[in-house]
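Structure first, commentary second.
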Amino acid sequence: MIKSQLQEWVDVCFGKGVEQGFWSNASAGCYALEEPRHEGQGDYACNAAMVIAGKEKKATGKKVNPRQVAEQFVTLLQENSDLVEKVEIAGPGFINFFLQPVVWSQVLSVTMAEDGSFGFATVKNGKRVLVEFVSANPTGPLSIGHGRQAVLGDAIARLLESVGYDVEREYYYNDAGRQMRVLGASTRARYLELLGLDGEFPEDGYQGDYISDIAQSIIDEKGDGMKDEEDVMFFKEVAEKAIFNDIAQTLQRMSIRFDHYFNEHTLYDEGHIDDVVSILREKGLVYEQDDATWFKTSAFGQEQDRVIIKSTGEPTYRLPDICYHREKFKRGYDWMVDVFGADHIATVPDVLAGVEALGYNPEMVTVVLHQFVTLLRDGKQVKMSTRKATFITVDELIDEVGVDAVRFFFLMRKADSQLEFDLDVAKEEGKENPVFYVQYGHARICTIFAKAAEKGVEPLTFADADFSLLTLPEELKIMKTIGAFPAMVQAAADDLAPHRIVFYLRELAGQFHSFYSEFRVLDPGDLERSRARLWLMICLSKVLRNGLTLIGVSAPVSM
RNA sequence: GCCCCUAUAGCUCAGUGGAUAGAGCAUUGGAUUCCUAAUCCAUGUGCGCAAGUUCGAUUCUUGCUAGGGGCACCA
């Protein structure tokens, strides 16, 4: 808003420079307004002079001094507006703009007007995007890694919604195949053991306690009625149902919902698997060797070809994965985002090669890979092993630190980074805990509102507030940060990087706490200033709330 | 051997093609008659190494080194 006004003005001046022959049009659109990092460099800095100097040198071969260009530029800027207080040339040729302090209160008007949608797109962009995440097979409770993925995927979906996409969330799973047979066999073995019979526990069976719980539930319902059942199907189905229930509940605790659950089965039932194979075969991208069917991934820049149908006749995971993505394409999305754990990294090139082989554009699929999570307790890494059933589930994590902390912590790092989840910090009720820090900021502001009447300071109407009284650097800084919220949300969405929201919130909360302890919002002796500050605080709380909502964390009114 | 991710302060991590690279924790020392001290203030000579692109590189490219993960007719 403010930036675009300034940008417009700068663009006009650039155009004048072209007209007057100071420089050519070559740099149009190449320069930028940026927010300087350091104090004393103005509110916005423009690098136009350096860009122009570079371009002109390239075109004419003559050396151009950026500072001179900046001088020329500044003379063109002379017709000053209400916007800019002063302009300075600095460093290698930056043009620094110092705005009139009062213009910053514009961001408060916008915040008030847009309220709960401030920072978010109010009109749809008309694009449909599918976000696939979690996609855990129902073989056990969600692990910590799934937890990160669930929160990350959900936050990405929220971000994309906030910038105008029509978002659909999808969970892809497979309840058939070897893994599920093992699950059935494991359950059956536990069932027999609980009955005091000899249960042959599979070598690669699922050892978690949850299997025994499921077995117990079968006993509770059917007694020993199933002890002669040789087929593991029954056990598989009971286990699957129980586990899926459990997963759904965990997701629900985190307020994560899906629009679609896509079962791999569909791909077989509807003949898509055979379809894909025959298409690839027609294209000469599939061949038989050693009784198996191979996909020529080497034709797509990979080192070696991959098996898509085993010699047993069973497809490998690649084939349905490719097939599944074809279905996504057929459903007509404009964009597909896959959120995967780092352990799935190897499948990505295969799937994308498959997509391309089928004639679709693989660039319409964006894969977000997230690295692993390690848990820290007492400063030491918690060792986790599925085999020994010592892994901690998302449920247990939520039990221990609460949903808000789980969500917040999983989003504190960019997906590319390994994430260290410090349980002690997450449980802490103090500033060391960033969740509490931000939430406390919101709650603290709310108490100011509650106290306002008591102190005889009513905000009255926004229109009557005199924002020219807000001239403290701290106040201006808060307004600037609020004003930066929409662009930050957009950037976070563009990069599929929800961690930026988290960092922004910590920054904004920090600015608030700092302001709060140094200055008083409510001063009965200075009603006008108090009112202006009260509105500033109201806007601040709205932005905190909007930001927290974006990452699915609550904004408590009191703590 | 090949592929992916990472390398920034004592620790955990942000960040950017630009002008003086940040935050939290930890350390040390301060702040509460007053809107929640669950807070605030002060305290810091660090972008793994080497070339290249550029007016300008911590940021982009390449190579090297180190750590993590992956390279199944498992998913």
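To find a chain, count down the sequence lines: A is the first, B the second, and so on, and within it residues start at 1. Keep in mind the model is a prediction, meaning the values are calculated, not measured.
At most 12 non-hydrogen atoms from other residues, nucleotides or ligands lie less than 6.0 angstrom from NZ of A:K55. Heavy atoms of other residues, nucleotides or ligands lying less than 6.0 angstrom from CD of A:Q289 number more than 12.
Summarising the geometry, the separation between CG on A:L319 and P on B:rA75 is reported as 11 Å, rounded to the nearest angstrom. Regarding A:R500, its CZ atom lies at a distance of 15 Å from the C1' atom of B:rC13, rounded to whole Å.
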*May I have the step-by-step check of ring pair (Phe, Tyr, Trp, His ring centres under 6.0 Å) for A:Y516 and A:F519, ending in yes or no?*
CA-CA 6 Å; A:Y516 180 90; A:F519 307 99; over 10 Å; no

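Listed nucleotides: B:rC73, B:rA14, B:rA75. Nearest to the side chain of A:F503: B:rA14. The side chain of A:A90 lies closest to B:rA19 when the candidates are B:rA75, B:rA19, B:rC55.
Look at A:K328 and A:D338 and you find a salt bridge, because one of the NZ, NE, NH1 or NH2 atoms lies within 4.0 Å of a carboxylate O, short of that distance.
Spacing between B:rG48 and B:rU58 at atom C1', rounded to whole Å, works out to 12 Å. With C1' as the reference atom, B:rA23 and B:rC35 are 27 Å apart, rounded to whole Å.
Nucleic acid contact class of A:D416 (heavy atoms, under 4.0 Å, all strands): sugar-phosphate only. Contacts of A:A346 with the nucleic acid, taken as non-hydrogen atoms under 4.0 Å apart, involve only primed sugar atoms and P, OP1 or OP2. The residue A:H344 sits close to a base: some heavy atom pair falls under 4.0 Å. Residue contacts for A:D422: at a heavy-atom cut-off of 4.0 Å it reaches no nucleic acid atom on any strand shown.
In terms of phosphate contacts, A:S514 brings a side-chain nitrogen or oxygen within less than 4.0 Å of OP1 or OP2 of B:rC41. Between A:Y504 and B:rG15, a side-chain N or O to OP1/OP2 separation shorter than 4.0 Å is absent. Here A:H38 reaches the OP1 or OP2 of B:rG22: one of its side-chain N or O atoms lies under 4.0 Å away. For B:rC74, the OP1/OP2 oxygens have no side-chain nitrogen or oxygen of A:R318 closer than 4.0 Å.
Looking at heavy atoms from C-beta onward, A:I445 lies in side-chain contact with A:L544 at the 4.5 angstrom threshold.
If A:A497 and A:R413 are placed on RNA chain B by their nearest nucleotide, the residue sitting closer to the 5' end is A:R413. Comparing A:I345 and A:S311 along RNA chain B, the residue whose closest nucleotide (by nearest heavy atom) sits nearer the 5' end is A:I345.
The closest side-chain donor-acceptor pair between A:H344 and A:T347, if any, does not fall under 3.5 angstrom.
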*Pairs counted as Watson-Crick or G-U wobble with both distances under 3.5 Å: what dot-bracket string results for RNA chain B, using | for bases tied to another strand?*
(((((((..((((....[...))))..((((.......)))).....(((((..]....))))))))))))....

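Taking every heavy atom of residues 132-149 of chain A and every atom of RNA chain B, pairs under 4.0 Å involve A:N137, by number.
Side-chain atoms of A:N47 and base atoms of B:rA19 include no donor and acceptor less than 3.5 Å apart.
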